Novice: 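Next up is a structure, given as structure tokens.
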There are 2 protein chains.
Amino acid sequence: MAANSQFAMAVHILTMLARSGDTNVKSECIAASVNTNAVVIRRLLGQLSAAKLVISQTGAFGGTRLARCPSEISLCEIYKAVSCGEVFALHAKSPSQDCPVGKNIEAVLCNLQKEIDKSVGEKLGQYNLQNVIEQIEGVPI
Amino acid sequence: MAANSQFAMAVHILTMLARSGDTNVKSECIAASVNTNAVVIRRLLGQLSAAKLVISQTGAFGGTRLARCPSEISLCEIYKAVSCGEVFALHAKSPSQDCPVGKNIEAVLCNLQKEIDKSVGEKLGQYNLQNVIEQIEGVPI
DNA sequence: ATATCTGTAACAAGTATAGTTACAGAGCCG
DNA sequence: CGGCTCTGTAACTATACTTGTTACAGATAT
């Protein structure tokens with residue numbers, strides 16, 4: 001269980017919230033659908049709340065609902081809201097600065113990393129929560 | 001040290017090989033530039049060899065050299081050669097099949113995952129090893 | 001034969017995700 | 001006001017993955 005599935009869970013969570021409109025949804029209810037512990041859901045909701053994608057209320061009859069309508073929440077925003085890593089990581093330890101390749105490769109890879117991340121963001125930005133709901137309900141995207 | 005930096009190391013390795021032409025390069029030599037253990041390099045070279053990107057020779061005066069010229073090795077091929085994961089992972093445990101969202105979200109996310117991976121592949125495919133060498137030598141891409 | 005290099009197994013160490021328990025604090029209602 | 005029901009969060013565990021390291025068999029040139 002080391003592969004980061006936070007984005008997948010976040011989309012799942014937000015899709016459920018979207019289908020509940022203005023009704024508050026409890027973390028236990030979402031956890032049952034995602035098939036995990038409610039605390040795992042609340043941790044993700046914390047990140048989504050910080051990104052202003054959802055609004056949570058404590059107390060009896062509390063819960064969480066979307067902060068905006070589904071068509072205004074892009075998958076890119078969700079991706080950025082949850083702490084996912086980059087597509088690929090740079091060197092763990094700095095390469096040798098005595099080698100011309102080692103000295104410069106990090107900068108090259110760093111630029112490439114940014115470009116790839118931008119490309120992923122743009123692709124994800126083509127879709128929003130409403131599109132996901134439509135796909136789930138059987139309507140082609 | 002859990003972030004996967006195999007792609008970064010693979011590009012580093014192949015760049016060094018590219019700059020050595022037809023000369024065999026020893027894993028110890030590459031390891032010194034990457035600043036890691038030679039076995040780590042040999043493990044990666046094994047994957048690159050399986051992908052037919054490099055040719056290795058055992059024995060005295062053995063080592064590794066590129067199997068093709070640098071302009072014919074795209075970064076996409078390198079990415080696919082090393083065992084990197086997907087951009088995002090699907091659910092660790094299957095969602096509840098009793099929930100309409102849980103029942104269908106996996107298929108939606110799986111399609112999305114394929115699309116993103118394809119997008120990353122296409123972006124990486126725009127560059128080859130020769131471009132990396134030119135960047136390292138100070139020539140703009 | 002000997003020296004040198006790759007290939008690979010085996011194990012240790014470090015780190016990230018996810019699961020779980022526990023509890024403080026917020027808010028509704030009788 | 002007191003009790004009930006939620007969220008928010010800390011703390012700990014289990015598991016899995018990457019990387020580092022040692023060790024050694026096998027290949028190859030001299």
Side-chain angles (χ1 to χ4, degrees), chain A residues 1-10 12-13 17 20 23-32 34-51 53-65 67 82-95, chain B residues 1-10 12-13 17 20 23-32 34-51 53-65 67 82-95:
Chain A
M1 302 180 193
N4 193 326
S5 57
Q6 290 184 40
F7 174 70
M9 289 195 281
H12 189 151
I13 291 169
L17 295 183
S20 296
T23 312
N24 278 343
V25 182
K26 290 184 285 184
S27 60
E28 287 287 355
C29 170
I30 302 173
V34 177
N35 191 20
T36 185
N37 193 287
V39 174
V40 173
I41 300 300
R42 292 206 287 266
R43 278 201 281 243
L44 279 166
L45 284 174
Q47 295 183 270
L48 298 173
S49 178
L53 296 179
V54 303
I55 295 170
S56 287
Q57 284 179 353
T58 59
F61 300 91
T64 309
R65 62 183 189 277
V82 295
S83 59
C84 283
E86 316 288 341
V87 173
F88 63 85
L90 302 183
H91 292 62
K93 294 201 288 191
S94 256
Chain B
M1 299 181 195
N4 193 324
S5 58
Q6 289 184 41
F7 174 70
M9 288 195 282
H12 188 150
I13 291 170
L17 296 183
S20 296
T23 313
N24 278 344
V25 183
K26 291 184 285 184
S27 59
E28 287 287 355
C29 169
I30 302 174
V34 177
N35 191 19
T36 184
N37 192 289
V39 174
V40 173
I41 299 299
R42 292 206 287 267
R43 276 201 283 245
L44 279 166
L45 285 174
Q47 295 183 271
L48 297 174
S49 179
L53 296 179
V54 302
I55 295 170
S56 286
Q57 285 178 354
T58 57
F61 300 91
T64 309
R65 61 183 190 276
V82 295
S83 59
C84 283
E86 316 288 342
V87 173
F88 62 86
L90 302 183
H91 293 62
K93 293 201 288 190
S94 256

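Here is how names work: the chains are called A, B, and so on, in the same order as the sequence lines, proteins then strands, and each is numbered from 1. What you are looking at is a predicted structure, and each value in this text was computed from that prediction instead of being measured.
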Novice: Would you mind reading off the distance between B:Lys93 atom NZ and C:dA18 atom C1', rounded to a whole angstrom?
Specialist: 9 Å
Novice: Mind calculating the distance between CD1 (B:Ile55) and C1' (C:dC5) to the nearest angstrom?
Specialist: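 Atom-to-atom, B:Ile55 to C:dC5, this comes out as 17 Å.
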Novice: What is the distance, rounded to the nearest whole Å, between atom CG of A:Asn35 and atom P of C:dT17?
Specialist: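 In whole Å, C:dT17 P lies 20 Å from A:Asn35 CG.
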Novice: For A:Asn24 and C:dC28, give me the distance from atom CG to atom C1', rounded to whole Å.
Specialist: 12 Å
Novice: Tell me: CG of B:Asn37 to P of C:dC11, nearest whole Å?
Specialist: 18 Å
Novice: CE of A:Met9 to CG of A:Asn35: how many Å apart, nearest 0.5 Å?
Specialist: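 If we round to the nearest 0.5 Å, A:Met9:CE and A:Asn35:CG are 11.0 Å apart.
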Novice: Once rounded to the nearest 0.5 Å, what's the spacing between atom CD of B:Glu86 and atom CG of A:Asn4?
Specialist: 13.0 Å
Novice: Determine, for nucleotides 4-13 of chain D in 5'-to-3' order, which nucleotides have protein heavy atoms under 4.0 Å from the base (write B), from only the sugar-phosphate (write S), or from neither (write -).
Specialist: -BBBBBBB--
Novice: Give, for atom CG of B:Leu17 and atom CG of B:Leu45, the distance between the pair rounded to the nearest 0.5 Å.
Specialist: 6.5 Å
Novice: Whole angstrom is fine here: how far is it from CG in A:Leu90 over to P in D:dT18?
Specialist: 17 Å
Novice: Can you list, pair by pair, the side-chain donor-acceptor contacts under 3.5 Å of residues 55-63 of chain A, counting residues two or more places apart and other chains?
Specialist:
| unit_1 | atom_1 | unit_2 | atom_2 | d |
| --- | --- | --- | --- | --- |
| A:Ser56 | OG | A:Thr64 | OG1 | 3.0 |
| A:Gln57 | OE1 | A:Asn24 | ND2 | 3.1 |

Novice: Between B:Ser5 and D:dT18, is there a side-chain N or O to OP1/OP2 distance below 4.0 Å?
Specialist: no
Novice: With a 4.0 Å limit, can you tell me whether A:Gln6 has a side-chain N or O closer than that to the phosphate oxygens OP1/OP2 of C:dA18?
Specialist: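 Indeed, a polar side-chain atom of A:Gln6 lies that close.
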Novice: Looking at CD of B:Gln6 and CG of B:Leu48, how far apart are the two atoms once the value is rounded to the nearest 0.5 Å?
Specialist: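 One finds 9.5 Å between CD of B:Gln6 and CG of B:Leu48.
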